[in-house]
Amino acid sequence: YGARVEDDLRYLIQYRGLGFAGVQADVRPRRDFSTDLLPQEYSTFGLGDYRESCLECEYADGSRGADLRYVSCAVRPGLTVPTGLPGVYADENAGETLEVLLRDATTGLEVVLEYGVIEACDVIVRSARIRNACKDKVILHRARSCCVDFQVPDAHDAIIFYGMHAKERVMQRTPLHHGKFRIDSTRGASSHQYNPFWIVCDPSADETHGNCYGLSFVYSGNFMAQAEVDQLIQTRLVMGIHPQGFRWTLEPGDEFQTPQVILSYSAEGFDALSNRLHRLIQTHVMRGPWRDRRPPVLVNSWEAAYFDFDEEKLFDIAKQAKELGLEMLVMDDGWFGVRNNDCTGLGDWFVNENRLHGGLKALVDRINGLGLKFGIWFEPEMVSEDSDLFRAHPDWALTIPGRPPVYSRMQLVLDMSRPDVRDYLFDAMSAILHSANIAYVKWDMNRHLSDVWSALLPSDRQGEVYHRYMLGVYDLLERILQEFPDLLLEGCSGGGGRFDVGMLYYSPQIWCSDNTDAANRLDIQLGTSFGYPVRSMGSHVSVCPNHGTGRTTPLRTRGDVALMGTFGYELDLCKLSDDEKDEVRRQVAEYKQYSELIYTGSFHRLAMPSGDSPCAAWIFVSPDKHEALLTCVRLRAECSAYQLVVRLRGLDPDRRYRISGKPYSLTGRALMTAGLAVPTIKEDYSSITFHLTAEA
Ligand code: DGJ
């Protein structure tokens with residue numbers, strides 16, 4: 001893992017005897033062979049490696065520990081997705097998988113380490129299968145996906161993406177010192193608070209220089225990622241399911257499959273790392289017809305009307321949408337059960353005909369009749385106490401008997417580990433989706449898990465509920481996609497609270513944030529782009545003053561920022577002025593013109609909107625480097641502004657590019673080394689774009 005070298009690197013291994021380092025019985029009388037000091041492929045608890053462990057298991061007699069030794073290995077063509085989980089796939093031409101079997105001789109416990117390799121994307125995909133080949137049951141207290149030990153005592157920085165609701169994926173860089181540095185989630189979702197993607201890099205690494213190692217967890221539930229600098233200044237990285245609240249029983253013959261971790265690498269900084277990950281996710285994680293199709297330009301009813309709509313209101317917005325060149329109307333929260341605010345109705349997935357007079361099909365037919373597609377919102381995993389579903393099945397919610405549950409947004413979480421809950425949801429959702437011509441579903445999740453206890457599991461298996469919840473969500477997603485293979489799914493969790501590679505296996509796009517302020521979206525989307533492709537980022541133009549921040553940004557900027565994503569609108573189009581409508585028409589046409597470049601091209605962050613930076617800038621470059629689209633947002637307008645020069649990336653140095661709005665052409669080399677002068681634009685947060693085309 002890292003830069004490509006042909007040699008056998010075992011010469012780096014230092015056999016050292018250190019005070020208080022344990023050695024296994026069979027290596028005595030050597031004192032210089034300790035699992036506490038030597039690099040481990042899958043660290044275990046209890047037998048002398050005192051650093052962070054991947055595996056902690058308990059046997060029938062209550063003892064813990066596993067001395068995993070190499071047994072055999074095999075290489076098979078392709079990468080296969082683990083059953084029941086999301087994953088990275090590749091056929092035999094694109095990748096291969098190494099399987100290494102390890103065994104604990106005392107108990108018979110086996111671990112199969114998997115290393116899927118996709119050379120074109122420069123990634124290794126790791127996971128582990130823990131097999132109970134013992135006589136009695138085994139309890140897993142920790143079952144992480146990977147361990148990476150850096151043997152050379154180099155200094156590293158960790159880059160993480162933290163945040164909160166409406167402020168997701170803010171980049172933070174921290175030097176690693178002795179001790180343990182970790183990010184995690186015990187919320188039952190990957191979370192707004194820490195994204196399960198992080199980078200470990202040289203302290204001097206930047207966008208274009210330095211070693212950087214990216215770790216992405218292909219999972220949407222509880223996780224922990226940890227870096228530990230040990231006594232020898234060796235850095236150990238581990239990533240996997242969070243051990244808190246986790247306790248998994250394996251009967252003899254059972255196997256536990258960990259989710260995958262994608263290990264990516266670049267020797268040339270973050271730009272190359274991100275682009276490799278973008279390519280990997282778009283070609284080996286996303287699937288189905290929408291993987292390669294441009295998503296339709298949609299208008300979503302949420303910020304347009306919230307709960308205040310009926311069929312006529314939606315139809316009016318749809319008519320206006322059609323007139324402006326949009327392609328789909330999405331009916332967000334509020335169409336089902338009794339749902340006039342966010343306190344009631346979740347779980348009752350049948351149409352509220354007091355709101356949609358004439359029913360869903362009549363509305364969808366009318367909207368289809370305009371030539372628009374129709375999309376709908378669900379929040380399948382949740383239930384309101386004030387709902388018919390909860391009144392009929394109170395035990396379907398995650399609650400602890402005898403204890404009042406914790407509420408969030410006044411709602412409870414359904415026990416997705418239960419097959420009967422999933423069957424109900426599948427039937428209810430399928431009935432709606434079969435009842436009308438619905439092209440798109442926004443799958444929302446607006447609270448985190450608490451009171452995690454399942455009525456169907458015995459007391460000694462309650463530690464399985466968090467993971468079984470996630471397996472249940474994945475199962476329902478898969479069943480819906482199998483039933484409706486053409487459906488476009490957009491993931492959502494109060495915006496980007498479940499923005500992870502796991503969800504992208506089911507939904508090629510995820511609503512990036514409930515914060516639709518273009519100024520804030522610069523941080524959120526550019527932060528997200530470190531680990532996720534632009535195709536995955538749900539991004540819409542909303543009204544000003546912004547409903548969340550009160551800020552006013554130019555409509556043009558809002559459009560340019562939304563172009564760094566799936567592009568759509570989140571406002572009442574009927575209320576726009578004629579000038580604004582003209583601008584929307586222009587934006588939609590621009591999106592249609594450039595969408596292929598945006599989704600298939602490389603993406604380069606040229607200036608981040610942080611610190612003293614006067615601007616944020618990014619560029620899309622087509623795969624053949626023939627065409628590029630540069631966007632620059634001036635953050636604060638100034639009376640006496642410095643000349644703004646942006647150095648581009650990704651172009652062909654030897655080609656000359658014509659630049660829209662400029663009377664001259666420049667070589668890629670000049671644009672990338674000297675840069676492009678951007679005219680001073682008045683007004684805070686004003687944006688400017690340049691289209692570059694290579695001369696013949
Ligand atoms: C949270 C989502 O992020 C919003 O876009 C909207 O769908 C609301 N939920 C609806 O309740």
Side-chain angles (χ1 to χ4, degrees), residues 163-169 187 189-193 195 220 295 298-309 313-314 317 328-349 352 355 374-384 386-387 407-414 429 432 438 440-448 488-500 503 507 509-518 520-521 524-525 528 536-543 546-549 558 562 565-572:
M164 58 201 276
H165 175 235
K167 189 180 176 149
E168 294 92 338
R169 292 171 293 287
R187 297 168 171 269
S190 46
S191 89
H192 309 80
Q193 284 71 12
N195 191 264
S220 316
L298 65 83
V299 57
N300 178 295
S301 68
W302 184 242
E303 285 195 33
Y306 296 101
F307 293 107
D308 184 18
F309 66 86
K313 171 88 197 163
L314 295 178
I317 295 177
M328 180 159 72
L329 177 110
V330 174
M331 177 172 68
D332 208 283
D333 196 352
W335 57 267
F336 52 90
V338 178
R339 180 86 169 162
N340 298 319
N341 53 50
D342 61 7
C343 299
T344 64
L346 290 173
D348 295 343
W349 301 114
N352 178 357
R355 188 189 285 285
F374 185 87
I376 199 167
W377 178 97
F378 282 100
E379 194 178 0
E381 298 153 67
M382 299 292 151
V383 64
S384 306
D386 188 355
S387 68
Y407 296 86
S408 183
R409 211 194 190 197
M410 294 297 286
Q411 63 199 49
L412 299 173
V413 185
L414 286 173
M429 292 175 76
I432 292 290
I438 297 173
Y440 159 110
V441 162
K442 179 175 172 188
W443 182 302
D444 207 347
M445 185 227 190
N446 283 305
R447 64 158 290 178
H448 290 141
L488 171 60
L489 280 184
E490 175 150 354
C492 178
S493 174
R498 207 162 52 181
F499 205 116
D500 53 67
M503 287 307 295
S507 60
Q509 56 201 62
I510 300 176
W511 183 226
C512 220
S513 178
D514 274 350
N515 186 338
T516 57
D517 177 332
N520 289 167
R521 275 289 184 133
I524 294 169
Q525 294 175 199
T528 305
S536 68
M537 295 194 237
S539 180
H540 299 164
V541 174
S542 64
V543 78
N546 182 270
H547 290 177
T549 63
R558 284 176 264 153
T566 57
F567 194 78
Y569 291 81
E570 187 93 12
L571 47 75
D572 186 347

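Order of listing sets the numbers, starting from 1, for every ligand and every atom in it.
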- Going by the angle between their ring planes, with limits at 30° and 60°, are Phe336 and Trp377 parallel, tilted or perpendicular? parallel
- Before giving the answer on salt bridge (charged side-chain N to carboxylate O under 4.0 Å, His left out), spell out for Arg339 and Asp348 the whole-Å C-alpha distance, their side-chain angles and the decisive distance to 0.1 Å. CA-CA 9 Å; Arg339 180 86 169 162; Asp348 295 343; over 6 Å; no
- So which protein residues pack against ligand 1 under 4.0 Å, heavy atoms counted?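 Under the 4.0 Å cut-off, ligand 1 touches Trp302, Asp332, Asp333, Trp377, Arg409, Lys442, Asp444, Asn446, Cys492, Gly494, Gly495, Trp511, Asp514.
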Counterpart residues, salt bridge (charged side-chain N to carboxylate O under 4.0 Å, His left out), relative to [X] (two or more places apart):
X: Asp386; answer: Arg391
X: Arg447; answer: none
X: Arg558; answer: none

- Message: Within 45 degrees of the ring normal and closer than 6.0 Å to the centroid, is that where the cationic atom of Arg355 sits relative to Phe309?
- Response: yes
